[in-house]
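What follows is a short report on a single structure.
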Number of protein chains: 2
Amino acid sequence: MAADSPGIAFLLSQLGAHAATQFGARVEELGLTPPLVGVLRMISVRPGLSQQQLAGELGLLPSKVVAFVDDLERRGLVTRTRGTRDRRVQHLALTAEGTELLGEALEVAARHEDAFCLALTPEERAQLQALLEHLARSHELTPGAHGHRRMR
Amino acid sequence: MAADSPGIAFLLSQLGAHAATQFGARVEELGLTPPLVGVLRMISVRPGLSQQQLAGELGLLPSKVVAFVDDLERRGLVTRTRGTRDRRVQHLALTAEGTELLGEALEVAARHEDAFCLALTPEERAQLQALLEHLARSHELTPGAHGHRRMR
DNA sequence: TATTGTTATACTCTATAACTATA
DNA sequence: TATAGTTATAGAGTATAACAATA
């Protein structure tokens, strides 16, 4: 049974794709993409981290990190600083503009969240949030990263 | 607020991506991909439909449908039949093997569903299903198609 | 010799548009 | 002229591996 009516797994992947697409459209107005927002957020939370650490935390390829940071640096949103102890590493930090833009992106995210859940009552919303967190924990999904994890 | 703790939209896109990836890995053993399962299912539900209709229902590009059907036909899972009234259209149908394989894929989907929701009690599972259906309806997502919808 | 970041390349995926055969 | 299906091509995105600087 449970084969013809959608099922939770299918609904999740359908709703999740929809949520991601919609969020992407919303942050596009800031010149950002969902992964770039994740990068900014991670640098904000752990300023001074290296590109390797960033790649590890977010499950990104190092070469992809280079491209992202190139972009963000060119736009004056993040800075690269060579390590003094180990001159191979690049320490990342947000500029004032980067912090400002991340703030706007987080506001967009909050408005996106509200708009997406508009059909739910506050009680349903809290219920759904709890169930999803439960499910995410059971699959050992970390709150930070997503979508970028490579496999095989 | 609601910016630092994940939020429903983010959890959905994270869990949804995870569910889709896992399902993809599971049907890979049958030589299928999630979109191919969707194609088989649609042909099963509406046998004799044309490639254009299939593209319309699933939100696929016509050229993509050609590639999919080429693949499935070569493997003896579906048949193409020229229309008699209008000889431009190709009517699609499942072979016995196609029906058989779709059945196996749906079993895999059911087992995937159970495994994915293992951490939930039957009550939580029913609750979550209802909430997700509610949310999906509010976003006017059709039960059939997903992930393939093109935009802009 | 190993590691950080970088560059170059190859590979897949997708979308667009040209083409044919029918209408 | 318009449409169904097909083919060819170009573009984006992603992964792999070669490379330079430093350890």
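Below, chain A is the first sequence line, B the second, and so on; all start at residue 1.
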*Secondary-structure notation, DNA chain C, from Watson-Crick and G-U pairs under 3.5 angstrom (| other strand)*: |||||||||||||||||||||||
How long is the line joining [atom1] of [X] and [atom2] of [N], in whole Å?
X: His91(A); N: dT4(C); atom1: NE2; atom2: C1'; answer: 11 Å
X: Phe68(A); N: dT6(C); atom1: CZ; atom2: P; answer: 14 Å
X: Asp71(A); N: dG5(C); atom1: CG; atom2: P; answer: 18 Å
X: Leu61(A); N: dC11(C); atom1: CG; atom2: P; answer: 17 Å

*Taking Glu113(A) for its side chain and Ile8(B) for its backbone only, find out whether a donor-acceptor pair lies under 3.5 Å.*
yes
*With no hydrogens and no angle check, is any side-chain donor or acceptor of Arg82(B) less than 3.5 Å from a backbone partner on Arg87(B)?*
yes
*Residues in contact with DNA chain D, drawn from residues 46-53 of chain B - heavy-atom cutoff 4.0 Å*: Ser50(B), Gln51(B), Gln52(B)
Please write out the pairs of protein N or O atoms and N or O atoms of nucleotides 21-23 of chain C separated by less than 3.5 Å, giving the distance to one decimal.
residue, atom, partner, partner atom, Å
dA23(C), OP1, Arg87(B), N, 2.9

_Residues that Arg111(A) engages under salt bridge (Lys or Arg N to Asp or Glu O under 4.0 Å), provided they are two or more places apart_ = none
*Sequence neighbours left out, what passes salt bridge (Lys or Arg N to Asp or Glu O under 4.0 Å) with Arg88(A)? Give chain and number order.*
Asp86(A)
_Glu57(A) side chain to Gln53(A) side chain, donor-acceptor N/O pair below 3.5 angstrom_ = no
*asked:* If we count only N and O atoms by modelled type, under 3.5 Å, do the side chains of Glu123(B) and Gln127(B) hold a donor and an acceptor together?
replied: no
Side-chain donor-acceptor pairs under 3.5 Å in residues 30-40 of chain B, sequence neighbours left out?
residue, atom, partner, partner atom, Å
Thr33(B), OG1, Leu36(B), N, 3.4

*Listed partners of Ala126(B) passing side-chain contact (heavy atoms from CB on, under 4.5 Å), at least two apart*: none
_Residues in side-chain contact (heavy atoms from CB on, under 4.5 Å) contact with Thr95(A), at least two apart in sequence or another chain_ = Thr79(A), Glu97(A)
*Do any side-chain nitrogens or oxygens of Lys64(A) fall under 4.0 Å of OP1 or OP2 in dT14(D)?*
yes
_Contacts of Gln90(A) that satisfy side-chain hydrogen bond (donor to acceptor under 3.5 Å, both in side chains) - sequence neighbours left out_ = none
*List for me each residue that meets side-chain hydrogen bond (donor to acceptor under 3.5 Å, both in side chains) alongside Gln52(A), sequence neighbours excluded, and say none if there are none.*
none
_Going by ring pair (Phe, Tyr, Trp, His ring centres under 6.0 Å), name the pairs with one or both residues in residues 19-52 of chain B, residues two or more places apart or in two chains._
Phe23(B)-His112(B)
*Honestly curious: do Leu141(B) and Leu11(B) fall in one hydrophobic cluster under the side-chain, below-4.5 Å linking rule?*
yes
Can you give me the N/O atom pairs linking the protein to nucleotides 7-12 of chain D at distances under 3.5 Å, or say none if there are none?
none

